[in-house]
Every structure is written in structure tokens, then in C-alpha cells.
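Order of the sequence lines fixes the chain letters, A, B, ..., with proteins taken first and strands second; residue numbering starts at 1 for each chain. Here the structure is a predicted model, which means the values were calculated and not measured.
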Amino acid sequence: MTEAAFDACIKKILEHDKSGLKEIYDAYLDYIYRIVYGVVGRKEDAEDITSEFFIKFWQQADKYKSGSGHKGYMATMARNMAIDHIRKYKKEVLESFSKDEDEITVTEPVSDDDTEAEVLENIGIKEAIQMLSEDQQMVVNMKVLAQMTFAEISQSLNVPMGTVTWRYREAIKKLRRYGYYEGA
Amino acid sequence: MKELEIEYTKQISLETPDLWSRIEAGIDEYEVKRKQNEVVSETEVKEEKTDTIKIQKRNRTIIYLRNTVMAAAALLLAVGVFKMVGGVKNTTMDAATDNSISYSAEAPAQADTAPAYEETAQEAECEEEAAIEAADDTSDSYRSDSKETFTAAPAESAGDSFIVTEPDTLKQSISLAQIMDCDVTIATGMIETLNDAGIKEPYCFEANNTEETREFNNKSKVEGASEKAVKIFFKDMTDETLYYMICTKGSDTDIEIKAVYRADTDELIYELKKE
């Protein structure tokens, strides 16, 4: 969606015309849902937060400043909502994530077995991700789906950035075994 | 090999549910609440305005009452002062009557202003002379006072003793009964006569010669006093018509209205019928 088209939608929203929001919804639902899912990591939570995002966007449409890059604006807003959610409702998860830092040192040996590699390459991306540890999944989701930087991930999860990057690298190594490589 | 980001993004997009119905429901709920809040806010603003108006009205009422009370107090004070001054004047007048100085001094001037009613004046002159003689013979205090009053009057003024209240110097209307306060009975009779003549609310004026009018009334009590005439301007307060009446002493306890005229046309309204 172009900036002009987005601005037109904002104008409709400000006139309490729901068609403006529907256009934005149709164009960016996948994008927003992916970002939110990347942060919260659970389908049910992602659905709730995505719904809340669009409702909040309707309520606060007057705060959007035209020409500021609507896609980045929406991504930031969605990420912040998702991060707020995990801070509120996933405090336990974050705490366990922090406590598991010792486990970081425990790495799984990457097998060089060609037979095993052929089998693993047939695994779908979802299954491959689920093969990662919960901490690694979280970092990969945030990095790949939510398009967050390591610094943002570090800040969101309240863990050192070195730990975050290390976990990400370990996850990528594992995923490579399943036939998935990190793009440029 | 598959690119992680493309594959993962594609997979999540495939799993993206349709959330529009939930979102729409949430928006509708929000809009309903917003409109309710607006109504409540408007109501609150209206209530605030109403309260402000009530307070302003109350303040105005308080100010009005305060001013009214102050005005009433000032009026009462003025009336009190007026009465006190009037009392002093009466006392002065009584003293002047006792000494017969003021009347004798004013008599020539009054005579110049009264060319009419010559017959009455001549009769008054004779009666006054008789009264002087009679007064000399009597010795009671009342008559003694009166005697001094009339004996002090010069002979030439007695013939033209026509006292005129001056409408040009009028300050405020005053009841005839008030002017004739030296003898209410007399005043009441006069008012009845005027009422019979069709003048409903005869009000005379407090002119600068009010005391003279009173003096005339005092004289009217005197037995055998000369029949001085007085021309008194007054208004009928029902229609603000200005009249004047010619009055003379009727008897010992009464004065008579000889005639009543409209001041603007000199139209005769009432005339005492001669028997």
C-alpha cells in the first residue's frame, strides 16, 4: 500500500468509516500477525493481540503522522503491543528464559551424517522450528518473523545481547541441518 | 536448501486467521462507549452551565435584595430626617405664630400677589379688625396666640391677603391632609368636596410657601378671623391634571373651598353655592 493510499484510509477512519480500516486490514493482516506471532510465539495470543492491534489503530488513528512510513509505524506498534503482552502474561517464561542461560553452554553436536541430513531436509519449517529449544525459538521468531534487531530482542527479553546472538547462531546451525538457511 | 525467512513467513501467512469480525465487533463496542461518553460529557457540560446560571441568578438575587434593603434603609433614613426637619419647622412655625413676627413680615409681599377676590378680601379686612378687637377682650391662651398673629398683620395686606402656592417651585406632591395637618377635619371636608367635584385623588404640592398655607389654616381656627383667601394648586393624581382652588375660612372649625379651577384652562370645576 502506498503512503497516499494509507493516508486516505486514515482519513476514512477519522471519519468513522470502517472501510478505511478494512483496507489496511486486508493489506497488512499477514504482516502484523507475523510480527505479533514472532514475539509471542503462540497462535491464540497472536490472534488476540492482532485483533487488539487493529482496534487500537482505529482508536488512535489521529496519532499517526502522514509521511512517517506507515509500515514501520505499524510494525513498531504491533511489536510493542506483543512485547507488552509477553511482559505481562509471560513473565514466568521470561524468568525461566533468563535462568536457562547456563544451558546455553550445553550445545547439541551437529551431526555430519549425510543420511540423517537427507531425512531432516524433508521436515517442514514449523516442525524444524519446534525442534529448537524454547529460547532459541523465541529469538528466531523475533529475528525472522518480527524483524527485530538483536538489540531490540535483547532489550525485550532482558538478556544480554551476546546471549541472544549466540542462541540465534546455534538455532541457525540446527535449522541448517533441516535444510533451512539464513538469507542474505 | 530453503531460505528460512521466506519459508517461515509463508507458513505463518497461511496460518493467519480471519480476525475482521472480532475487530469489527471491538470497534462497534468502542464507538458505542465513545458516543455514550460524549453524551455524558455534553450532559455534564450542560449541568455545569445550568449550575453556573443558577449561581449567577442567585448572586443577582442576593445583590438585588441587598441593594433593595440598602435603598429601603436609605429611604427610611431620609423619611426620618425629613420628619425631624418638619418637626423643627413646626416648632419654629409655632414659635413664629406665638411671636407673630413671620406673618407680619410676609404680609405685604403676599398682598402684592393677590389681586383677585377683592370682595372677600374687604370682608376679611373688616373681620380681621373685629377679630383684633375681640382678641383684645379675650384672655385665654389660644385666642391670645391668635390675636397676636392677626394684630401683627398690616391693615393694607389684610385686604389683599391672597396666598398663592406656586406650582413652579413644586418639589414633590403631598397629600392635602398632610398640608392641612393642623386640622384633619377641615382637610377631610375639603377632600370630600373635591371628590364630589370629580377629583378623585387631590394632591397638593409642597411648595416653598407651605408654611404660609399652614399659617392660613391656623388662622382659620380663629374665631372671627378675617376671611383671607388662599389659592392652592393641586393635582388629581389619577390623571395628573393640575387644578387650583380658592379657599376661605368657612367657620371656626372649617375652611371652605370657594371654587376649583383647572390650572391649564381656568375652567371652573366647582363653585360654592351662595345661600
Side-chain angles (χ1 to χ4, degrees), chain A residues 13 16-18 20-22 24-26 28-38 43-44 46-61 117 121-129 137 140-141 143-147 171-172 174-184, chain B residues 1-70:
Chain A
I13 292 170
H16 305 289
D17 182 355
K18 279 190 278 190
L21 187 68
K22 185 68 167 66
I24 294 171
Y25 170 86
D26 290 338
Y28 294 109
L29 173 65
D30 291 351
Y31 180 65
I32 299 300
Y33 179 80
R34 193 177 73 213
I35 290 171
V36 173
Y37 183 87
K43 191 181 175 185
E44 293 80 9
E47 288 178 6
D48 290 344
I49 295 165
T50 303
S51 299
E52 285 174 20
F53 166 83
F54 282 103
I55 293 168
K56 191 175 179 181
F57 191 83
W58 171 271
Q59 295 169 358
Q60 299 183 354
E121 278 180 3
N122 293 324
I123 293 175
I125 184 65
K126 285 280 277 185
E127 287 79 18
I129 294 291
Q137 282 182 39
V140 169
N141 284 341
K143 181 68 179 153
V144 176
L145 296 178
Q147 298 176 336
I172 291 298
K174 277 188 184 177
L175 290 171
R176 197 175 293 148
R177 287 174 60 197
Y178 307 132
Y180 297 97
Y181 68 94
E182 187 184 17
Chain B
M1 291 288 279
K2 299 169 188 173
E3 189 176 334
L4 173 64
E5 187 175 342
I6 293 170
E7 290 298 317
Y8 199 12
T9 305
K10 194 190 294 179
Q11 182 61 38
I12 296 299
S13 294
L14 289 173
E15 293 176 1
T16 305
D18 184 7
L19 301 169
W20 180 246
S21 56
R22 284 175 64 176
I23 294 165
E24 202 172 22
I27 290 170
D28 290 341
E29 190 180 347
Y30 168 76
E31 286 296 307
V32 169
K33 283 182 182 175
R34 188 180 60 82
K35 285 175 183 173
Q36 285 176 345
N37 288 338
E38 280 179 2
V39 171
V40 170
S41 300
E42 284 175 5
T43 311
E44 284 174 353
V45 169
K46 282 179 183 174
E47 284 175 356
E48 282 177 9
K49 282 183 179 175
T50 310
D51 289 345
T52 309
I53 290 168
K54 281 180 182 174
I55 290 167
Q56 286 175 345
K57 279 185 178 175
R58 194 172 57 196
N59 288 344
R60 278 185 206 146
T61 309
I62 290 167
I63 291 166
Y64 175 76
L65 287 172
R66 190 183 63 193
N67 290 343
T68 307
V69 168
M70 287 173 69

Fill in the blank from the handout: In this structure, CD of B/Gln11 is separated from CZ of A/Arg34 (nearest 0.5 Å) by 13.0 Å
Within the 4.5 Å heavy-atom criterion, are [X] and [Y] side-chain neighbours or not?
X: A/Trp58; Y: B/Glu31; result: yes
X: B/Tyr8; Y: A/Leu145; result: yes
X: B/Leu4; Y: A/Tyr181; result: no
X: A/Lys126; Y: B/Glu15; result: yes
X: B/Trp20; Y: A/Leu29; result: no

Exercise for the section: Evaluate the side-chain contact (heavy atoms from CB on, under 4.5 Å) criterion for residues B/Ile12 and A/Tyr33: first the C-alpha distance (whole Å), next the side-chain angles of each, then the deciding distance (0.1 Å), finally the verdict. Expected result: CA-CA 8 Å; B/Ile12 296 299; A/Tyr33 179 80; 3.9 Å; yes
Practice task
Locate the shortest heavy-atom distance separating B/Glu7 from A/Ile125; write the atom from each residue and the value.
Solution key: O-CG2, 3.8 Å
Problem - B/Glu24/A/Lys18 salt bridge by N-O under 4.0 Å criterion - result: yes
Problem - Partner chain B: residue of A/Ser51, A/Gly38, A/Ala46 with the largest heavy-atom pair count (under 4.5 Å) - result: A/Ser51
Practice task
Using non-hydrogen atoms and a 4.5 Å limit, figure out which bit of B/Glu29 sits close to chain A: side chain, backbone, both or neither.
Solution key: neither
Handout entry: Test side-chain contact (heavy atoms from CB on, under 4.5 Å) applied to B/Leu19 and A/Tyr25, step by step
Key = CA-CA 9 Å; B/Leu19 301 169; A/Tyr25 170 86; 4.0 Å; yes
Completion exercise
Pair count under 4.5 Å, heavy atoms only, with chain A: among B/Asp18, B/Ile6, B/Leu14, highest is B/Asp18
Interchain contact, [X] with chain B, by part (heavy-atom threshold 4.5 Å):
X: A/Leu21; value: both
X: A/Gln147; value: side chain
X: A/Lys43; value: side chain

Exercise for the section: For B/Arg34 and A/His16, run side-chain contact (heavy atoms from CB on, under 4.5 Å): C-alpha distance rounded to whole Å, both residues' side-chain angles, the deciding distance at 0.1 Å, then the answer. Expected result: CA-CA 12 Å; B/Arg34 188 180 60 82; A/His16 305 289; 3.1 Å; yes
